[in-house]
Novice: 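Let me begin by handing over the structure; questions about it come next.
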Amino acid sequence: MADTASQVLLGSGLTALSQPLMYVKVLVQVGYEPLPPTLGRNIFGRQVYQLPGLFAYAKHIMKIDGRAGLFKGLTPRLCSGAIGTVVHSRVLQRYQEADQDEEPGASHKEPVSSLEQVIKETSREMVARSAATLVTHPFHVITLRCMVQFIGRETKYSGIFSPFATIYREEGILGFFAGLVPRLLGDVLSLWLCNLLAYLINTYALENGVSTMSEMKSYSQAVTGFFASMLTYPFVLVSNLMAINNCGLAGGLPPYAPNYSSWLECWSQLLKEGNMSRGNSLFFRKVPAGKLYVWEEKRFR
């Protein structure tokens, strides 16, 4: 219990610190570009028109709403993180208790291979993460909608309890789980890619290395985790867009977002436009050719 409490406190602190970054990322994912592009240079030194980066975007938000404006949606996000940590911890604890109950009769059990152990632990982690995601997704939906309100200057999802009543009244129970399927798929794929790639690297690439290889093994999980998150980012983007799609906010309606009938249609449209990585990077953001953006309440090509 003490470990869970410390995880909740640590997670809450990190969530609060990262809230401005999350806020800007969500607005960029929706396609809201309030500032015109500027002429700059890419990493190869070529001159290109670039959209404003993280700091310019954050400065624009502070100019309108002050510093506190960067923390919109923080309360439901903190609730989501705290509840998710508790659920995740409880599920893994149940697995540990089940293992302890089986131990007395497992003295003659054959040793489990390393790959089998990885599959077993990854499967349990998948269940724990999926349970946490399922329970906390309503808070995730509210968090996103609180942030997207910045676009139309709405107050529809203000407060702590009123957003729940609003979603239930307008969309029913299913409204709390908008965008859940691509989010779950992305989490599961990212987890399996991360753990299996780390196993392959640790087993075949670093097994017979020098003494420093033991330290490299500890970093392989982080490296493969980053790689897996990059590959599964489109699921995150589609999930967030579906969570605010056609919810009555300006950011979930044209011209910012079409009315998608399903997350597969959203995926197909983003793929056709070449926007599958929109919001993945908040620096060196090149203006896509032929795309429409909104600058100072006007539309430009």
Side-chain angles (χ1 to χ4, degrees), residues 15-38 50-80 137-171 175-176 178-179 236-260 266 269-270 275 278-279 282 285 287-288 291-301:
T15 296
L17 289 174
S18 65
Q19 181 67 11
L21 174 63
M22 171 72 171
Y23 191 12
V24 172
K25 180 179 281 288
V26 168
L27 293 180
V28 172
Q29 287 176 337
V30 173
Y32 178 63
E33 298 292 347
L35 301 173
T38 57
Q50 297 176 342
L51 292 169
L54 170 63
F55 299 111
Y57 213 124
K59 186 177 180 180
H60 172 75
I61 295 173
M62 287 192 294
K63 183 178 179 180
I64 297 175
D65 289 340
R67 292 184 179 181
L70 290 172
F71 295 90
K72 283 185 178 180
L74 178 59
T75 300
R77 191 174 174 220
L78 286 173
C79 293
S80 175
H137 194 73
F139 292 96
H140 180 69
V141 171
I142 293 173
T143 297
L144 295 175
R145 295 184 181 185
C146 286
M147 294 175 175
V148 171
Q149 286 185 137
F150 176 82
I151 297 174
R153 312 305 299 161
E154 297 116 329
T155 58
K156 185 177 181 180
Y157 291 92
S158 300
I160 300 176
F161 302 107
S162 60
F164 288 94
T166 300
I167 293 176
Y168 182 75
R169 182 177 62 253
E170 297 183 357
E171 304 172 56
F176 293 107
V236 176
L237 176 60
V238 171
S239 174
N240 288 352
L241 291 180
M242 292 305 298
I244 57 98
N245 183 62
N246 198 24
C247 65
L249 298 177
L253 297 170
Y256 302 105
N259 292 327
Y260 302 112
C266 179
Q269 184 66 25
L270 290 173
N275 275 331
R278 188 171 65 195
L282 297 180
R285 301 173 55 226
V287 180
K291 302 304 176 186
L292 295 176
Y293 290 94
V294 177
W295 294 306
E296 299 177 352
E297 304 301 327
K298 297 178 181 179
R299 289 177 60 79
F300 292 88
R301 181 174 294 274

Novice: Nearest 0.5 Å, what's the CG-CE distance between Leu74 and Met147?
Specialist: 8.0 Å
Novice: Backbone N or O of Leu70 within a donor-acceptor pair of the Gln19 side chain at under 3.5 Å?
Specialist: no
Novice: State whether the number of non-hydrogen atoms from other residues, nucleotides or ligands found under 6.0 Å of Arg67 atom CZ is greater than 12.
Specialist: no
Novice: Looking at CG of Leu282 and CG of Leu21, how far apart are the two atoms once the value is rounded to the nearest 0.5 Å?
Specialist: 6.0 Å
Novice: Going by the angle between their ring planes, with limits at 30° and 60°, are Phe150 and Tyr23 parallel, tilted or perpendicular?
Specialist: perpendicular
Novice: Test: side chain to side chain donor-acceptor pair (under 3.5 Å). Region: residues 52-64. Which pairs qualify, not counting sequence neighbours?
Specialist: none
Novice: Write down the atom of Phe176, the atom of Phe164, and the distance for their closest heavy-atom approach.
Specialist: CZ-O, 3.3 Å
Novice: Nearest 0.5 Å, what's the OG1-NZ distance between Thr143 and Lys72?
Specialist: 14.0 Å
Novice: Return the minimal non-hydrogen interatomic distance between Gly159 and Ser162, and the atom names on each side.
Specialist: CA-OG, 4.1 Å
Novice: Side-chain contact, heavy-atom cut-off 4.5 Å: Ile64 with Arg153?
Specialist: yes
Novice: If I take atom SG from residue Cys266 and atom CG from residue Asn259, how far apart are they, to the nearest 0.5 angstrom?
Specialist: 11.5 Å
Novice: So do the side chains of Arg77 and Cys146 get within less than 4.5 Å of each other, counting heavy atoms only?
Specialist: no
Novice: So, His137 side chain and Ala178 main chain: donor-acceptor pair closer than 3.5 Å or not?
Specialist: yes
Novice: Taking only distance into account, with no hydrogens and no angle test, what donor-acceptor pairs under 3.5 Å do side-chain atoms of residues 245-253 form with protein atoms, sequence neighbours excluded?
Specialist:
unit_1: Asn245; atom_1: OD1; unit_2: Tyr260; atom_2: N; d: 3.4
unit_1: Asn245; atom_1: ND2; unit_2: Tyr260; atom_2: O; d: 3.1

Novice: What are the two closest non-hydrogen atoms of Val141 and Gly175, and how far apart are they?
Specialist: CG1-O, 4.0 Å
Novice: Supply the atom-to-atom distance Ile151 CD1 to Ile244 CD1, rounded to the nearest 0.5 angstrom.
Specialist: 7.0 Å
Novice: So, Arg278 side chain and Gln29 main chain: donor-acceptor pair closer than 3.5 Å or not?
Specialist: yes
Novice: So Glu154 and Val148, do their side chains get closer than 4.5 Å, heavy atoms only?
Specialist: no
Novice: To the nearest 0.5 Å, what is the distance between CD1 (Ile167) and CZ (Arg145)?
Specialist: 4.5 Å
Novice: Heavy atoms, side chains only, cut-off 4.5 Å: are Val28 and Glu33 in contact?
Specialist: yes
